[in-house]
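A short write-up of the structure that comes next.
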Amino acid sequence: MKNIQVLGLLFVIIGSFMPLVHVPVIGNWNYWKTDHYLAIICWAFSVGALFGIVNNNVKVARVFGILLILLFSFTLFAIKYQASEYFSFMPFASWREKLAGIVKLKWGWILEFLGAFMIIFAKNNKLS
C-alpha cells in the first residue's frame, strides 16, 4: 500500500510540473504558471499526504488525497470561468464562447487526478 501511495504522490508532484493548460500564443502552463497560491496549496497537501504515508496513517493520507481532488476540481472550474470572463468585453455570447474555447486543458491533469486517486484507493494490506 505504501508503495502505491508513494507512486500516486509522485504522480501528483510530477503532474504539477507538466503542461496543464494551453493558452494560444503564450504556450503551455503548469500549476505554478497558472496560479502561485494554488501550486503552493497543492504542494502543501502533498506534504500532508506524505506525512500520512510515512507514518502509516491511512486516514490522513486519504484526507489529503480527497483535498487534492477538491483542489484540482476547483482549479479546473476556475480556469474555465476565468477564460470565459476574460473575454466578457465581446458584444456577442457566441464570440465569447468561441474565444474562451481556445484555452485547452492538457494531459498533465491525468497525472494529477490519477495520483490523487491512487493515494485514496490504495488497499490496506496489513497482516494482523
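- Glu112 contributes atom CD, which lies 8.5 Å from atom OG1 of Thr75 (distance to the nearest 0.5 angstrom).
- There is no path of hydrophobic side-chain contacts, each under 4.5 Å, that joins Phe17 to Tyr31.
- Here the shortest heavy-atom pairing between Ala116 and Gly65 reads CB-O, 4.0 Å.
- If you chain together hydrophobic residues whose side chains sit under 4.5 Å apart, Leu7 and Ile13 never meet in one group.
- Evaluation of the ring pair (Phe, Tyr, Trp, His ring centres under 6.0 Å) rule for Trp29 yields no partner, not counting sequence neighbours.
- Follow the hydrophobic side-chain contacts under 4.5 Å out from Phe121 and you reach Ile66 in the same cluster.
- For the pair Ile119 and Arg62, the minimum side-chain heavy-atom distance is 4.5 Å or more.
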Query raised in the report: Passes side-chain contact (heavy atoms from CB on, under 4.5 Å), Leu20 versus Lys106? Steps please.
Result: CA-CA 5 Å; Leu20 299 175; Lys106 298 299 277 184; 5.6 Å; no
Would you tabulate the side-chain donor-acceptor contacts of residues 36-55 under 3.5 Å, counting partners in other chains and residues two or more places apart, or write 'none'?
from: His36; atom 1: ND1; to: Trp32; atom 2: NE1; distance (Å): 3.1
from: Trp43; atom 1: NE1; to: Ser16; atom 2: OG; distance (Å): 3.0
from: Ser46; atom 1: OG; to: Cys42; atom 2: O; distance (Å): 2.9
from: Asn55; atom 1: ND2; to: Phe51; atom 2: O; distance (Å): 3.2

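- Contacts of Phe113 classified as ring pair (Phe, Tyr, Trp, His ring centres under 6.0 Å), with partners at least two apart in sequence or in another chain: Phe72.
- Every residue meeting the side chain to side chain contact (heavy atoms under 4.5 Å, CB included) condition with Met18, not counting sequence neighbours, appears here in chain and number order: Ile14, Trp107, Leu111.
- Across Asn56 and Lys2, no two heavy atoms sit closer than the pair OD1-CE, 3.1 Å.
- Remark: Thr34 engages no residue in a side chain to side chain donor-acceptor pair (under 3.5 Å) (not counting sequence neighbours).
- Among residues two or more places apart in sequence or in another chain, the side chain to side chain contact (heavy atoms under 4.5 Å, CB included) test is passed with Leu105 by Val21, Leu76, Ile79, Lys80, Trp109.
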Report task. Dump the intermediate steps for side-chain contact (heavy atoms from CB on, under 4.5 Å) on Phe11 and Met118, then the final yes or no. Result -> CA-CA 9 Å; Phe11 280 173; Met118 287 173 72; 3.7 Å; yes
